[in-house]
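One structure is given below, represented as structure tokens, and several questions about it will come after.
To find a chain, count down the sequence lines: A is the first, B the second, and so on, and within it residues start at 1.
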Number of protein chains: 2
Amino acid sequence: MKLDKLVGERFKEKPADCVIDSQALMVRGGYIKYVSSGIYSSYHVLRRITRKIEQIIREEMDAVDGQEVSFPVVLPASLWMESGRYDSVGVELARFSDRNDNPMLIAMTHEEAAVQLVREYGNSYTRFPFMVYQIQTKYRGEARPKGGLMRVREFTMKDAYSFHASQEDFDGYYQRCHEAYMKIFARAGVPEVVPVFSDSGMMGGKVAHEYMLLSPVGEDTVVVCGECDYHANLEAAECIVANESAGPAEPLTLVETPGMKTIADVCDYLSAPVKKSCKAVIYQKKGGEYVVVFVRGDLEVNEIKLKNYLREDVFPAEVALGSGLCPGYIGPHELNGAEALLDSSLAGIESLVCGANKEGFHYTGFNAGRDCPGALYGDFAQVAEGGVCPSCKKESLAFARGLEVGHIFQLGIKYTKSMGMQFADKEGALHYPIMGCYGIGVGRLAASVCEARHDEYGPIWPMSIAPWQVHLCCVRSDDSASRDVADFLYAEFQKSGVEIVYDDRQVSAGVMFSDADLLGVPLRVVVSPRNLKEGVCELSARDKSYCKKIETVNIVKYVLDLINIHS
Amino acid sequence: MKLDKLVGERFKEKPADCVIDSQALMVRGGYIKYVSSGIYSSYHVLRRITRKIEQIIREEMDAVDGQEVSFPVVLPASLWMESGRYDSVGVELARFSDRNDNPMLIAMTHEEAAVQLVREYGNSYTRFPFMVYQIQTKYRGEARPKGGLMRVREFTMKDAYSFHASQEDFDGYYQRCHEAYMKIFARAGVPEVVPVFSDSGMMGGKVAHEYMLLSPVGEDTVVVCGECDYHANLEAAECIVANESAGPAEPLTLVETPGMKTIADVCDYLSAPVKKSCKAVIYQKKGGEYVVVFVRGDLEVNEIKLKNYLREDVFPAEVALGSGLCPGYIGPHELNGAEALLDSSLAGIESLVCGANKEGFHYTGFNAGRDCPGALYGDFAQVAEGGVCPSCKKESLAFARGLEVGHIFQLGIKYTKSMGMQFADKEGALHYPIMGCYGIGVGRLAASVCEARHDEYGPIWPMSIAPWQVHLCCVRSDDSASRDVADFLYAEFQKSGVEIVYDDRQVSAGVMFSDADLLGVPLRVVVSPRNLKEGVCELSARDKSYCKKIETVNIVKYVLDLINIHS
């Protein structure tokens, strides 16, 4: 198309409210238009990009036997009541009443709708496995939208749902989907995306992976091993500590620690290293019940790990008078009035300082194995930089920032069980199918590619998702010879099936080229009077890797070859 | 794909709750799944069809210089407050509050979002004309969803918005869009769709067309001329009556009509034909003000015509005591307490019976031109079957039923003015751009094609939107020779780029063929042991127009030729 017909404004100044480069470039280049917090319209340039991303996703989902379907955006609340999520999900779920006062919701994910679609179909083992997916708009009442398309309230997502009759079958399929995801990101121009072990959050299920583009502007912390390819998010990274035996076991001894309420104060007073103490962190459940997590004094509790363990929400506690708890002096030995959970950092370590559940007193010589028999252990502590890698066991963990561009979850039977979907096996016995779900945010992927592939002048779109393949500039379109050649090339490129945008405006070369940079089309062909004299045009790459003169008679063929190489 | 992997159930019995054939066939064939009143999920078969329809629409919109964009589904209420529609549209608009209690809505149409997208861009005459469109999900709180995808609450729609600097330019473009619409319907397999003059309802603007597929199950009444190609909906069809002069003018004479309140009673009593009377129909505006429409006694008022004339809502009146109105005796001469509107059927007719605005009295000899000078006339009466065609002027109007599959509207400056979008002309003077809007419901179009193209066994999809092009059946897949040939053909068809569904299940030929009928794929190829002996397969058309034997070695080429003819 001709550039002067393209709806959308391009400008030079970075908008003040843009916090990351991709956001600023997408606003400056006429890709997106702010409508409301976290809600954008897409101009044609971006729609061309997202359409290509959608097509890549579609092809890879079809290649793993996916069937494209369509679920409603608006669902009756009753469907989410079946799974229990109508009540368990908070204000991020948009709820409204229809004209007959029936409670409705705007779906932010479609596990329930997927089960509802196939509940009757999937009633026999002969029907399995199968996978359905859609590409559609979703709305989520995000608390702090920011970064343009990075964190929004409304977004287009590919969401897929698989159903298997056995965990074994499913494991193989999950791996195939993982590979399909890696292909999608590679084809979209970001092969550096890494799979990251993740917690599965509100989705239920156990195993999950996020796909992260490591980037300084990423919102997520990714735990990265410097020695192997281990990647996990903070919630999923197992915290491994090397506890050394402290020699002969000390006896549990009550000591007075008047007025000392923090573990640092107590350790200081007792001349014990913080590593040799046991810290209490107190939480409350929705009903008010206390949960105390004990962790080695130098570590911190990761609240999401705790929530995932408990499978319910918890909050930092406000300890009430008469609760039986003694804030500042809480310890695992003979604790009353609360559920006690011990982090695995407290296993195999002796002679710790800990609270004595008595105002003004601590213990020394605490040994969890001896003094808290039958205690519940779990992984509640957050990994630290320099910590032990759960995979290669070296002390090589570091933190990086990541942009999440996709995720896959093993859902188990959470939804099929709660919604009563069962199939009969060969013998007629009934089972719940095993589900997986697989998401990719289309707009966020576009923005992430821009974040990873841009310079100060604009995005550098990979050929596979670029809005056009070639950007043709006629500088001096007032020169009739130049114009004739450019018009001719425009027609020739179109005839050859090349996606081309043609700038024949009577503007300065500076304006022309800065606009071209903002559109980020991979190949640029420039026709100018000076080049014309030599019988050539200029061909350059948006990534500035080359700029060469090609004989005008050969340019179409030359460009076609380049496109084929890059596609 | 293989049919045994296709998610969705097919069955024989017509579901009790299905009111029209297309709905029953789409439920029976595994196309749609009921989720809630007027809300459906689409299975893969239907998604394949809607994807093709979307692509046809996209190509034709691009051909009239449309640029695909994307508007949000969820909009801030503030945007609709700018146009005034947040208040003027009723319960069919879904409203909700976000987590910060900001009022939001689920857009059922996107005029406001379109103006917001281009308001700054379109600030100079040099930018015009342009058109943007999207294909997206919408929700409308429809009162009585029914007929499957025919009348739903949630639907996928192509909605386009054009902006022009002058009415003259726009008129030409409106015609181009009309032609694009006719192409779309022809390509989708329903060339018999007719354009129908329509009122523009809540959209504002004056000229509008609906695209109707005439069908006995249509929900709309279409006024059709038997003599020319005039088509209009009831609200838009001008009512033309031939009034004959009644000879010498009678004087206006007060006559006593005790206890007679209906025009029929009065005419009977005075021995006047109903055609020679003037009937009063009383409405009230929201604020309670009375509006009386006078119409020739044999005609009826069309309430939508009245609303469009007034540009506000009216309701049948409840006349209060002390209003000054005299129900049963209301007439246009010296009427007090109400706004009077005269239907054009009262022009050029003399000596009518009408109410005298006095309990128990009527006039005879009424002559609107003489007795109500300065009265407001308009077209408020509903056309009747056998009425005069506004186009060819013959008494040839008839009523038909139609399914609306698209509509186009001239919006004028309703939205650009209310939302403050202006452009500067060459001299720097400011003007409001002229808008048009253009909608097609994708799901309804699919259902309408099914309604127009089916038999008792299933849909008969046109090649252009069929879920697959070829349906390959291996009857007796337990016969290894048959199976080998069918497998081979399946691979060959795929290699040739044919979209093929392959049924190799071990089921009876009856089940196989009734399933094929429900999927409605245009071409069917049957491999069976009997045919194999003769070295042929059976090729048949879904519309049952032929069934012939083709040598197996030639079948792929033969089918490819057929597909090319039909595409």
| Most chain A-contacting option - heavy-atom pairs closer than 4.5 Å, from B/Ser37, B/Pro76, B/Ser97, B/Gly30 | B/Pro76
| task | Name the option with the most non-hydrogen atom pairs under 4.5 Å to chain B; the candidates are A/Pro72, A/Gly122, A/Ser36. | result | A/Pro72
| request: Compare all side-chain heavy atoms of A/Ile106 with those of B/Phe96 and state whether any distance is below 4.5 angstrom. | output: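 A side-chain contact under 4.5 Å exists here.
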| request: Name the region of B/Tyr133, side chain, backbone, both or neither, that has any atom closer than 4.5 Å to a heavy atom of chain A. | output: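 B/Tyr133 touches chain A through side-chain heavy atoms alone.
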| query | Would you say A/Glu499 and A/Val521 make side-chain contact, with heavy atoms under 4.5 Å? | reply | no
| query | If only atom types and distance count, is the side chain of B/Ser477 paired as donor or acceptor with the main-chain N or O of B/Asp504 below 3.5 Å? | reply | yes
| query | So which part of A/Asn102 gets closer than 4.5 Å to some heavy atom of chain B, the side chain, the backbone, both or neither? | reply |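 No part of it gets close to chain B.
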| Relative to chain A, which of B/Val91, B/Thr137, B/Val73 shows the most heavy atom pairs under 4.5 Å? |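 Most heavy-atom pairs under 4.5 Å with chain A: B/Val73.
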| field | chain A contact via B/Tyr139 - which portion, at a heavy-atom distance below 4.5 Å | value | side chain
| request: Could you tell me whether the side chains of A/Ser42 and A/Tyr31 share a donor-acceptor contact shorter than 3.5 Å? | output: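 No, because no side-chain N or O of A/Ser42 sits under 3.5 Å from a partner of the opposite role on A/Tyr31.
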| query | Mind checking which of residues 113-121 of chain A sit less than 4.5 Å from chain B, heavy atom to heavy atom? | reply |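 Within residues 113-121 of chain A, the residues that come under 4.5 Å of chain B (heavy atoms only) are A/Gln116, A/Leu117, A/Val118, A/Glu120, A/Tyr121.
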| message | If you count heavy-atom pairs within less than 4.5 Å of chain A, which of B/Thr126, B/Ile39, B/Asp65, B/Asn100 leads? | response | B/Ile39
| query | Under a 4.5 Å heavy-atom cutoff, which of A/Leu93, A/Asp98, A/Thr50, A/Val35 has the most pairs with chain B? | reply |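 The answer is A/Val35.
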| request: Examine B/Arg85 relative to B/Tyr415 and say whether NZ or CZ is less than 6.0 Å from the centre of the six-membered ring and inside a 45° cone about the ring axis. | output: no
| Ring centers of A/Phe423, A/Tyr125 separated by less than 6.0 Å |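 No.
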| request: Could you verify whether a donor N or O on one side chain and an acceptor N or O on the other, from A/Glu68 and B/His44, lie under 3.5 Å apart? | output: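 There is no such pair between these side chains.
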| message | So that I know where these two stand, are A/Tyr173 and A/His164 an aromatic pair - ring centroids less than 6.0 Å apart? | response |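 Yes.
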| Top contributor to chain B contacts, counting heavy-atom pairs under 4.5 Å, from A/Met131, A/Glu142, A/Met1, A/Arg51 |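 If we count pairs closer than 4.5 Å to chain B, A/Arg51 comes out on top.
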| field | 4.5 Å side-chain heavy-atom contact, B/Leu79 and B/Met419 | value | yes
| field | Interface residue of largest heavy-atom contact number with chain B, from A/Met104, A/Arg48, A/Gln67, under 4.5 Å | value |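 Of the options given, most contacts go to A/Gln67.
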| task | Could you tell me whether the side chains of A/Ser70 and A/Gln134 share a donor-acceptor contact shorter than 3.5 Å? | result |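 Distance-only check fails for A/Ser70 and A/Gln134.
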| query | Can the ring centroids of B/Phe128 and B/Phe130 be said to lie less than 6.0 angstrom from one another? | reply | yes
| Salt-bridge present (B/Asp503, B/Lys2; N to O < 4.0 Å) | no
| Atom group of B/Leu6 that falls short of 4.5 Å from chain A, counting heavy atoms | both
| task | Tell me, out of A/Val74, A/Leu46, A/Val45, A/Ile32, who's got the most heavy-atom pairs with chain B below 4.5 Å. | result |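 The option with the most such pairs is A/Val74.
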